[in-house]
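Right, one structure below, let's go through it.
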Amino acid sequence: MTSPSLLRDKILPIGTVVLAIIAIWYLAAVYLNAPFERDQAERAGTEISFSEILPRTMAQERPVLPAPHQVFTELWETTVEKKITSKRSLIYHSWITLSSTLLGFAMGTVLGVALAVGIVHFQTLDRSLMPWIITSQTIPILAIAPMIIVVLNAVGISGLLPKATISMYLSFFPIAVGMTKGLRSPEVMHLDLMRTYSASASQTFWKLRLPAAVPFLVTSMKVAISIALVGAIVGELPTGAVAGLGARLLAGSYYGQTVQIWSALLMAAALAGILVSLVDIIGARVNRRMGVKPA
Amino acid sequence: MNGPFLTAILFWLAAWAVNVWLARLKPKNPSVTRLINVIIPVLFGAALIALWEGVTRGFNVPSVLLPAPSMIWGRILSSAHILWADFQQTYLKAVIAGYVMGCGIGFITAILVDRSPFLRKGVIPVGNLVAALPIVGVAPIMVMWFGFDWQSKAAVVVVMTFFPMLVNTVAGLAATGSMERDLMRTYAATRWQTLFKLRLPAAMPFIFNALKINSTLALIGAIVAEFFGTPIVGMGFRISTEVGRMNVDMVWATIFVAALAGSLSYGLIALAERAVTFWHPSYRRRAGA
Amino acid sequence: MPETVISAQNLDLTFETNDGPVHALKDITLDIAEGEFVSLIGPSGCGKTTLLRVIADLEQPTGGTVSINGMTPEQARMARAYGYVFQQAALLPWRTIEDNIALPLEVMGLDSAARASRIKSNLELVNLAGFEKKFPWQLSGGMQQRASIARALAVEPDMLLMDEPFGALDEIVRDHLNEQLLKLWAKTKKTVVFVTHSIPEAVFLSTKIVVMSPRPGRIYDVIDCSALGTERPLDIRETPEFLHIAHQVREGLKAGHSYDD
Amino acid sequence: MPETVISAQNLDLTFETNDGPVHALKDITLDIAEGEFVSLIGPSGCGKTTLLRVIADLEQPTGGTVSINGMTPEQARMARAYGYVFQQAALLPWRTIEDNIALPLEVMGLDSAARASRIKSNLELVNLAGFEKKFPWQLSGGMQQRASIARALAVEPDMLLMDEPFGALDEIVRDHLNEQLLKLWAKTKKTVVFVTHSIPEAVFLSTKIVVMSPRPGRIYDVIDCSALGTERPLDIRETPEFLHIAHQVREGLKAGHSYDD
Amino acid sequence: ADKLTLQLKWVTQAQFAGYYVAKDKGMYEAAGLDIEIKPGGPDIAPPQVIAGGGADVIVDWMPSALASREKGVALVNIAQPFKSSGMMLTCRKETGIASPADFKGKTLGVWFFGNEYPFLSWMSQLGIPTEGGADGVEVLKQGFNVDPLIQKQADCVSTMTYNEYWQVIDAGLSADDLVTFKYEDEGVATLEDGLYVLESSLEDPEMVDKLARFVKASMEGWKWAEENPDEAAEIVLENDASGAQTEKHQKRMMGEIAKLTAGSDGTLDEADYQRTVDTLMKGGSDPVITKVPEGAWTSAVTDKMKAM
Ligand SMILES: Nc1ncnc2c1ncn2[C@@H]1O[C@H](COP(=O)(O)OP(=O)(O)OP(=O)(O)O)[C@@H](O)[C@H]1O
Ligand SMILES: Nc1ncnc2c1ncn2[C@@H]1O[C@H](COP(=O)(O)OP(=O)(O)OP(=O)(O)O)[C@@H](O)[C@H]1O
Ligand SMILES: Cc1ncc(C[n+]2csc(CCO)c2C)c(N)n1
Ligand SMILES: [Mg+2]
Ligand SMILES: [Mg+2]
């Protein structure tokens, strides 16, 4: 038995993988950006050697794939070197996205768990609702998001809530599916045990179904929180895309600013990483509290 | 007051009552049970649609906001060929290819990563990141890399479906009981034998979770990705174009196709799940329970 | 004349399985009076557990009726008329031993002081004091089984349904618990239905022994043990009456068995 | 002189738990020769399972060494030197009974004809013929245990480690399986390490009985049973030699116990 | 102050400088108005927003507005700050395209979402089918940017003189490498950014008064912006919450926009309107609008404005 170590369990493995990705990224950048340089040279009627192309592929203004250092420079400039209240600060935009993500995730978790509870306990809901929950997820949200926004606006709801609603719409589903499975996962023997106590449905829920569902719930929440983030970003488009990471992405895309797109992308990914890790840490805590036998 | 609306509400209440009654029935005959299982959601849906029709008519909701179901149905019938072409482009090509690859890569990554704790500790957190790459940002990049046609949409679907599969497979592989693992140890089973004979079967409930979530996610992903550049066919293209043209009935007709396709594929996966994980306690209800 | 608490009439139970029906119980008719201690004994797979589960309303018979104190099994269950010890320990893995024992008490709405005292006394009874804070997987098989017995006893029900509760215990502990159970039974006049594989155990504990025969599970014989009286020290097991009854049971078991040797 | 196959020297094992360490094995020194049948007996929770698990390389001792045929337990495990019967049946719920028995055979790479014949003979041995296609949850507790025994026997290992294999079986089946096991042992000269709670069973089967005492688990006594010979009909159990050894074991058990009555 | 909500057609940029200037420089305030400007985006259909009650006035292109009108959203043009069209098709010279006749067999990037009408009308006037094939053109729904041209995924893409064209230039292609076809030059120009309201709001004289003040103040904003393009661009940048716009680009855009708004006092020129309608009606088998629109524009507001 060895005690956990930050260096061995986190920094080294993650660092290795990240380094590998960065290496691949550089190679891809050279490969993808080179044709443009050759083209330029061809139009200018000059020959260009590979050693000349190489540095240029890493310093283009609108690269097909910006080199990592370009993105990190941009990230540095837009996070550390800008005041966080500035509209050019990625932290400011991240915060806007984060707030609707968290609200949407919270609402989605509550809704998903509530639906799962209903489905597990009421046969009517199980049979009538589940097919329609599934159907609801196959409705492309981005398609009806503008209508949702318009309708919510019409009844006077604006600001954070419409975006959070879209984020909720996407994130409640994994929770509902996973939680339904989880709430149904207790051993038949344990359900029988509760029956012999003539435990009420709510007692069976709190004392048996819910604890048994925890591994499913934690896994679902990890998926849901990253989907919630995607939802919040998607939701920023039809809300006028005025601010937030989604707006940055859109603007970056609109103006062909690949470096800006990639830095917003990385920021979003980092945000998701943090959120998923948080859920993971909480999940591990709960597991330990619940006395799960370590593997 | 409001005629159509009231009628719809009444219909809805009546349908709900019938459903409650149906759900309470415990027929001895299994085929009757199966029939009831079909009737209930259908009735629920019918009630929902009636309510919708009633609301749109009763309150004269402008059709550019929300068309009545009858109008949508008319559109489905008159534009079936367009809907079919879109379905082929988006579903049969992008969604299926992306779904298979995304789930496959997520699964294989989980298996590979499972072999080495070092890799697991490194890859999973980075996998989290990939998952959260917002589709809004990824889609234009994929169009840039893979072109306008369905390949770029499939790539977006791969990115979206990869993580749920990875996370669920990893969680599932960890879900084996310690006694069963000891059992395989006593057989000096190889890693692969333990994997295939014990840990994968035990992980199936989790894996099916991911397959289900991904089946709807893939459809959303492909459709949204088409907002960012496509040839002029596809469900996402149709939706965004027709919204701009104020043909909202066509939008809903496309949504209907999406919902139908999504529900059917979900249903298929649920059937497969039942067949593969029949042993899971969630399917082992006693008759009386 | 004590009242009949459990009355089974022509019970029949068939399980539907993937490869055809399994006829688990056939035409079981059995009355158990208040304060009786009835043991079910029979070859492995003959339907003892199934019968106990039918009484506990955990399984629905496909034929016949059961009544418990004049109620249906379901009503009896809802009235928390019995405590049940499962063949497997069935401890919740996320609860410590004391919390596992607290589970039914929580369900019944006991306050924490009352729970604590019942947990303490019952853990002591099964000799598990000191293991309150352990999780089930940190206990040996026998210890888990004892924890599950303590859990059922903590409910202090009028009726106990016990499915091979002492199967995984060594002789000494088993003797000890047999005595404790008998004391408890004598003191509280509980009705006990007890599944066991041990003939001496059945004879030592019971007022009546039901011998079952397998596939489909029927009652082969009902043997009265009241001749042994209610005071039963451990050394009663060497008396001729005891050995005689034990022999009778063994013969019944053998007859019902498919082995001929 | 037969060779020593299992040799444990000064074994020590302490589990770390949420509320302090549990000292499960203390200073266990034990040699088991080839072809011996050794029973471990002792109060519930004394460390029998733990000792068996250490031998099987399922648990790492915190002190001392074990060697098996001169190999480390890990090497022995990798060489598939033993078959193990768990205290719980540990059947995989998604496999039918026959597929569960096939599992170790698949792992070993047997072809399907060889598998089928071994499955058939071992299912018959434990009297489960006809239940091939059932799933574990469709079997009674004792039937599950028998299936798990069949699974271990199907491996046909040189060494058998069995953890209370017959705990959930009725006397008749138990006797039958005891005889079968003895026959198999006599025929194949396997080395068997066998955990049981039944003193008669231990005496009947063993060449050597190891009596353990609890917390921390130590060896209290090692009782030789070779006096009973190798031919052991069931009625040997009434002979004075048998009863004498049984008495000796019982005394050892009692002494190691914390109950004083 | 009287409140009005204006829904823009696209994200905050110099294309809408007049409105931001009017708000920023207090012209709306002076007119007794409190204007909320809602930026648009790729998913925002202004006609839908106004139909849902999310805005009082919208900025839209006339083809889209007329088409919406046919679909039952009774949009009425109340003012037309943009006199000429900024739309064009930009092609790489190396593809050999020199005139519209060379389009056949080529791949063209087009904006959809209601912005495809001018293109479709043009193609049907040229008699080129848009379903691909050797005689037709392959149409791509182009995303938000000009990447398809730069990546050579399309032979031509749609650009605006004030925006996307410069992105092509910024991407490293020079004007010499490109061939452009302005809709204005091809005689298929349709009216762009106009101000539209729902017919019902015109029934209320008070509302008409409000709108008149709004248009007047907006036009003052536009004229100021035309005269002070750099400052106007600064104002736009300040109002851009995404912080993604660059000064260089917005200043250049403002310069180009000024060319389009030049000569408009807000009144819709009936001849321009007629030309737009004719272009749209000439759509061959699948015209954008099927019948001549009635009451799709009004001079009531601009008349009232001029009377102020
Ligand atoms: N859920 C089930 N589905 C199908 N068959 C079942 C089920 N439960 C039990 N059976 C069958 O019913 C018969 C009786 O089982 P039961 O568990 O009552 O036996 P038992 O007398 O308790 O045996 P043991 O002493 O081994 O525990 C067995 O043949 C078993 O295979
Ligand atoms: N994984 C574990 N973690 C902590 N403690 C454990 C663990 N496994 C066993 N123990 C403790 O070790 C001691 C010995 O357990 P073991 O299972 O070996 O007993 P046993 O002799 O097999 O008992 P039984 O006859 O009841 O099966 C017990 O006190 C138990 O609580
Ligand atoms: C998805 C999408 N739809 C339409 C346009 C076109 N568009 C809307 S407003 C405007 C004015 C110029 O910027 C233009 C060209 C686009 N770019 N992307
Ligand atoms: Mg049983
Ligand atoms: Mg044990």
Side-chain angles (χ1 to χ4, degrees), chain C residues 15 17-20 22 24 41-50 86-89 96 127-128 130-135 138-146 163-164 166-176 179 196-200 214-215 234 249-250 253-254 256-259 261, chain D residues 15 17-20 22 24 41-50 86-89 96 127-128 130-135 138-146 163-164 166-176 179 196-200 214-215 234 249-250 253-254 256-259 261:
Chain C
F15 289 105
T17 74
N18 45 326
D19 68 332
V22 175
I41 199 163
S44 164
C46 72
K48 306 178 292 296
T49 299
T50 308
F86 286 85
Q87 195 165 357
Q88 274 95 33
T96 58
N127 203 28
L128 275 182
F131 289 85
E132 294 83 359
K133 303 261 180 263
K134 296 270 186 288
F135 286 98
Q138 296 173 325
L139 259 55
S140 76
M143 292 159 92
Q144 290 178 23
Q145 210 178 18
R146 283 182 276 153
D163 197 352
E164 297 188 40
F166 305 142
L169 301 180
D170 63 289
E171 217 165 86
I172 316 286
V173 178
R174 197 162 179 153
D175 285 352
H176 170 76
E179 273 189 297
T196 181
H197 281 311
S198 161
I199 298 173
R215 261 164 272 154
L234 276 174
V249 176
R250 186 164 294 116
L253 256 180
K254 266 194 196 142
H257 237 288
S258 39
Y259 298 120
D261 47 348
Chain D
F15 290 106
T17 74
N18 44 331
D19 69 333
V22 175
I41 197 163
S44 162
C46 72
K48 304 179 293 295
T49 299
T50 307
F86 286 84
Q87 195 165 356
Q88 274 94 33
T96 59
N127 202 29
L128 275 182
F131 288 84
E132 294 82 1
K133 303 264 180 261
K134 296 269 185 291
F135 287 97
Q138 297 172 327
L139 260 54
S140 76
M143 292 159 90
Q144 290 180 23
Q145 211 178 19
R146 281 182 278 155
D163 196 352
E164 298 188 39
F166 305 142
L169 301 179
D170 63 287
E171 216 165 86
I172 317 286
V173 179
R174 198 164 179 153
D175 284 352
H176 170 78
E179 275 188 294
T196 181
H197 280 311
S198 160
I199 297 172
R215 260 163 274 153
L234 275 175
V249 176
R250 185 164 295 116
L253 256 182
K254 270 200 193 133
H257 238 285
S258 39
Y259 298 117
D261 44 350

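The chains referred to below are lettered A, B, ... by the order of the sequence lines, with proteins before strands, and numbering in each begins at 1.
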Original post:
Can you tell if the side chain of Glu171(C) reaches within under 4.5 Å of the side chain of Pro200(D), non-hydrogen atoms only?
Top reply: yes
Original post:
For chain D, which of Ile199(C), Val22(C), Thr96(C), Asp175(C) has the most heavy-atom pairs under 4.5 Å?
Top reply: Ile199(C)
**OP:** For each of Leu169(D), Ile41(D), Thr49(D), tally heavy-atom pairs with chain C at distances under 4.5 Å, and name the one with the top tally.
**Re:** Leu169(D)
**OP:** Just give me the residue among Met143(C), Gln145(C), Arg174(C) that pairs up with chain D most often, heavy atom to heavy atom, under 4.5 Å.
**Re:** Met143(C)
Subject >> Option that, when pairs with chain C are counted at under 4.5 Å, heavy atom only, ranks first among Gln144(D), Gln87(D), Lys48(D), Lys134(D) >> reply: Lys134(D)
Subject >> Minimal non-hydrogen separation, Ser44(D) against Ser140(C), with atom names >> reply: OG-OG, 3.8 Å
**OP:** Could you tell me which portion of Glu164(D) (side chain, backbone, both or neither) has an atom closer than 4.5 angstrom to a non-hydrogen atom of chain C?
**Re:** side chain
